[in-house]
Amino acid sequence: MQPEDLKTLMRIKAGSRCAYTTFYQLYEKRLLATVYFLCNDKALAEDIVQEAFLRLWVNRSMLNENQSLKGYLRTISKNLFLDHVRKNKTEKVYHKLLCEPVSFDTRDRIAFKELNKIVFNAIGAFSAEKQEMYIGSRFNGKSYNEIAIANNTTPKAVERHIAKISLFIKAYLKRHYFFLF
């Protein structure tokens with residue numbers, strides 16, 4: 001590692017916003033090009049780069065003096081991209097399972113519609129804000145961070161609300177599921 005890079009790392013680790021801003025301005029475009037090469041989506045690349053720099057700042061106290069800042073950011077960016085790919089793959093499977101059964105069996109269609117109605121009735125027991133969080137997360141594929149920013153709260157709070165709603169839906173389904181058949 002270059003002595004100048006080590007100096008920058010140590011200043012960022014110490015909490016220097018000036019050093020962080022300077023490093024951001026110098027390296028952001030190069031990292032953006034690298035991430036864009038991975039995903040071929042400018043908006044996604046920008047989001048990943050922003051998240052990577054945010055994580056650098058949040059975790060600055062744990063930076064290793066033997067590791068390159070640029071390498072650290074490339075690793076974070078690569079992991080964020082892989083997380084995104086995994087999430088999209090899971091989301092596609094989840095949405096496929098949520099689709100109405102393609103069957104000519106009327107009972108299956110009726111059961112699916114009744115189950116959907118029960119789930120949305122359960123979700124309706126919560127405030128509009130919590131409903132929006134849950135639907136955004138479970139049906140629209142939004143991350144906790146995206147929902148937190150939109151609702152001016154923390155990702156942990158969003159996670160707690162969604163967990164609470166999920167538990168409620170499970171209990172609600174146990175009470176009402178036997179009516180379906």
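Computed from a predicted model, the values in this text were never measured in an experiment. The first residue in the sequence is number 1, and the count goes up from there.
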Is Leu56 close to Arg60 at the side-chain level, that is, under 4.5 Å between some pair of heavy atoms? no
Distance in Å, Leu173 CG paired with Asn121 CG, rounded so as to fall on 0.5 Å steps: 10.5 Å
Kindly assign one of parallel, tilted or perpendicular to the pair Phe120 and Phe139, based on the angle between their ring planes and the thresholds 30° and 60°. parallel
How about Tyr134 and His161: do any of their side-chain heavy atoms sit closer than 4.5 Å? no
Are Thr153 and Met133 side-chain neighbours, meaning at least one heavy-atom pair lies under 4.5 Å? yes
Derivation and outcome, side-chain contact (heavy atoms from CB on, under 4.5 Å), residues Tyr144 and Ile162: CA-CA 9 Å; Tyr144 291 163; Ile162 290 173; 3.4 Å; yes
Glu65 vs Lys13 side-chain heavy atoms within contact, under 4.5 Å: yes
Are Glu159 and Lys156 ion-paired here, with the side-chain N under 4.0 Å from a carboxylate O? yes
Non-hydrogen side-chain atoms of Val158 and Thr154 separated by less than 4.5 Å: no
Is any side-chain heavy atom of Val119 closer than 4.5 Å to one of Tyr172? no
Can you tell me how far apart CG (Leu26) and NZ (Lys70) are? Round to the nearest 0.5 Å. 8.0 Å
Can you find a pair of side-chain heavy atoms, one from Ser77 and one from Thr34, that are under 4.5 Å apart? no
Do Ser166 and Arg138 touch side chain to side chain, with heavy atoms closer than 4.5 Å? yes
Just by distance, do the side chain of Ser16 and the backbone of Ile12 share a donor-acceptor pair under 3.5 Å? no
Can you confirm whether the side chains of Tyr27 and Arg74 place a donor and an acceptor under 3.5 Å from each other? yes
Separation between CZ of Phe23 and CH2 of Trp57, rounded to the nearest 0.5 Å: 13.0 Å
I'd like to know whether NZ of Lys78 has more than 12 heavy-atom contacts from other residues, nucleotides or ligands below 6.0 angstrom. no
